[in-house]
Amino acid sequence: MILGTVKGTIVSTRKFDNLVGYKLLLVEPYSYAGEETRILVAADSLGAGIGELVLVTTDNTTQHALERSAPIDAFIVGIVDAPPVMGK
C-alpha cells in the first residue's frame, strides 16, 4: 500500500464503461527527504478530496478492492484520519 496526498482531480467525459462511477484523482505518494516522487492516477469510490491523506493499493491487489472488474491499477482504499506517527 502507498500513503499519499490527493493533489488534484481528472475529468474525463468519455471513458471505458466499467470506469463510470469512479472518481479519478492525482495522488502524490508520501516520500522521505530527497526521494523522487511520482504522481499516481488512482480511482476512488470513498469520496476523498484534494489535500486529504489516503491509502492506495496498487498492482494485482487493486482488483480485490473493486466492486466490479475495471482497468484500474491504483485504487484508494482508505482516507487517513491523522498524519502518521514516526517512531525512533
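For this chain, numbers begin at 1 and follow the sequence in order.
Atom CD of E52 is separated from atom CG of D81 by 9.5 Å, given to the nearest 0.5 angstrom. Atom OG1 of T58 is separated from atom CD1 of I2 by 4.5 Å, given to the nearest 0.5 angstrom.
Shown here for V27 and A42, the closest heavy-atom pair between the two residues is CG2-CB, 4.1 Å. Listed here is the closest heavy atom pair of V77 and L46: C-CD1, 3.5 Å. For the pair G47 and I79, the tightest heavy-atom approach, listed with the atom from each and the gap, is C-CD1, 4.2 Å. A48 and V6 get closest at one heavy-atom pair: CB-CG2, 4.3 Å. The two residues F75 and A43 make their nearest non-hydrogen contact at CD1-O, 3.3 Å.
Listed by chain and number, the hydrophobic cluster partners of I39 are I10, L24, L26, V41, where partners are ILVMFWY side chains within reach of under 4.5 Å, directly or through others. Applying the 4.5 Å side-chain rule to ILVMFWY residues, one finds that V11 remains a lone member of its cluster.
Scanning for salt bridge (Lys or Arg N to Asp or Glu O under 4.0 Å) contacts around K15 gives an empty result, with sequence neighbours left out.
Under the 4.5 Å side-chain contact rule for hydrophobic residues, L40 and Y30 do not share a cluster.
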Exercise. Is there a side-chain contact (heavy atoms from CB on, under 4.5 Å) between L3 and M1 once you walk through the steps?
Worked result: CA-CA 7 Å; L3 181 65; M1 258 192 273; over 6 Å; no
